[in-house]
Amino acid sequence: MAHIWLRAEQRDNETRVGLTPDGAKSLLDRGMSVTVEHSDTRVIATQDYADAGCEIADFASWPNAPLDAIVFGLKELPEDGTPLRHRHILFGHAFKGQASGRVLLERFKAGGGSLYDLESLTDENGRRVAAFGYWAGYAGAAVSLMAWIAQQSGGVCDEVSAYANKDALLADLSARLTKLGTSRPTAIVIGAKGQVGTGATDLLAGLGSTVREWDMAETAHGGPFDEILEHDIFVNSILARDGTPVFVPEAAKSAPRRLSVIGDVACDPDSAFNPIPLYDRATSWAAPVLRVHDTPPLDIMAIDNLPSLLPLESSQDYAEQLLPTLQSLTDLDGSVWTRALAEFHKHSAAL
């Protein structure tokens, strides 16, 4: 039977988890083994997993897990160069030509392990079986709105931190907008029909902004997209890929514009297909925006773990989506898992 080893996240400001105690119990009830690493920061307490019947292991002890264990986490592994011997489930970000992805694949090659990338767990129609998209869009729009509010007072967005839940985030933003005392910003969301765009639209519209919703039909002509510059906030929800048009070119910095905040939720600055080629690095919780032009200001928000701002809701939602696929781990020959493994082998062979 399958043995799932739920590792503790070791990245700063990452408290999400992809398996809840109830989900773990359902796996145990199917005869699987579930080991959970202790974590003082995980949004769900370690004791809750113990109460569900899971074995508890020391923090970050997965390198010494039995070789038949399937190590499951969300974000990247420590970049220490050690060979990877186990089968891992995580967001590897290794299949789009990223430099860090090549290093990760080389570590798997050296250790003989394999990667089931969470982005590669797809159904027969190519749709991901689970995604954090809605909460990425929701949180990304929230930080973009914070950046706009800060600009109205001549400032730059301050450090952000996680919220206990969605209601706490909304209360904070509502208070900031009330204190500001101005009309709400206008916004445009590209990719509005997807989960990311839906989350962004829900946040902004829910707080009183007028939101222009664009999707494939509105961007099919390939640009230019001067309409984007007519809004205060632009939220990009489109993943960079071959054929993605440039939404905001370099010339937009000095062009007449109302646009002052870009929320790049897709956040792929090192991709050759980046539709917002105005910046070259992700932003962080400590410094949420990068100012790419001063007068008038233009700030880019590109945090790459946005759902972590709402770790409880995003974890519960994602874990619920993923659970049926985890329950099928007893059959790694199943189609979802074989497709993911084939993707790993394809990119590993290109090393």
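Sequential numbering from 1 along the given sequence is applied to the chain's residues.
The minimum heavy-atom distance between P297 and Q151, with the atom names listed, is CB-NE2, 4.2 Å. Taking each heavy atom of C267 and P269 in turn, the nearest pair found is C-CD, 3.4 Å. Here the closest heavy-atom approach between residue C157 and residue A147 is recorded as CB-CA, 3.8 Å.
When ring centroids are compared, F72 and W5 stay outside the 6.0 Å threshold. In summary, the aromatic rings of H88 and W62 are positioned with their centroids under 6.0 Å apart. Aromatic rings of H347 and F95 (six-membered ring for Trp) have centroids within the 6.0 Å cut-off, being under it.
Listed by first and then second residue, the ring-ring contact (aromatic ring centres under 6.0 Å, His included) pairs involving residues 296-319 are F132-Y318 (not counting sequence neighbours).
No hydrogens or angles considered: a donor-acceptor pair under 3.5 Å links the side chains of N236 and D264. A side-chain donor-acceptor contact under 3.5 Å links R107 and T82. In the model, N165 has no side-chain atom that pairs as donor or acceptor with a side-chain atom of E313 under 3.5 Å. Using modelled atom types, one finds a donor on one side chain and an acceptor on the other under 3.5 Å when comparing Y134 with D202. Side chains of Y163 and D172: a donor on one and an acceptor on the other come within 3.5 Å. For the residue pair H293/S254, the side-chain donor-acceptor check at 3.5 Å is not satisfied. Side chains of W285 and N305: a donor-acceptor N/O pair is present below 3.5 angstrom, by distance only.
Every residue two or more places apart in sequence or in another chain that forms a side-chain contact (heavy atoms from CB on, under 4.5 Å) with D123 is listed here: N125, R127. Residues satisfying the ring-ring contact (aromatic ring centres under 6.0 Å, His included) criterion with F344, sequence neighbours excluded, are F108.
Few gaps surround CD on E227; more than 12 heavy atoms of other groups in view lie less than 6.0 Å from it. Within 6.0 Å of NZ in K109 there are 12 or fewer heavy atoms belonging to other residues, nucleotides or ligands. More than 12 non-hydrogen atoms from other residues, nucleotides or ligands lie less than 6.0 angstrom from NZ of K75.
Using a 4.0 Å cut-off between charged side-chain N and carboxylate O, D232 and R257 make no salt bridge. The pair D304-R11 meets the salt-bridge criterion, since a charged nitrogen lies less than 4.0 angstrom from a carboxylate oxygen. The pair R102-E106 counts as a salt bridge, with a side-chain nitrogen and a carboxylate oxygen less than 4.0 angstrom apart.
By the 4.5 Å heavy-atom criterion applied to side chains, E9 and T15 are not counted as neighbours. K193 has its side chain out of reach of T198: every pair of non-hydrogen atoms, C-beta onward, lies at least 4.5 Å apart. Within the 4.5 Å cutoff, the side chain of I233 has heavy atoms near those of the L145 side chain.
Taking the ring centre of Y49 as origin, the terminal cationic atom of R42 falls inside the region bounded by 6.0 Å and 45° from the ring axis.
Taking CG of L341 as the start and CG of L121 as the end, the distance is 11.0 Å to the nearest 0.5 Å. Here I4 contributes atom CD1 and I89 contributes atom CD1; the two are 6.0 Å apart, rounded to the nearest 0.5 Å.
Residues I303 and W148 are members of one and the same hydrophobic cluster, defined by side-chain heavy-atom contacts under 4.5 angstrom among Ile, Leu, Val, Met, Phe, Trp and Tyr.
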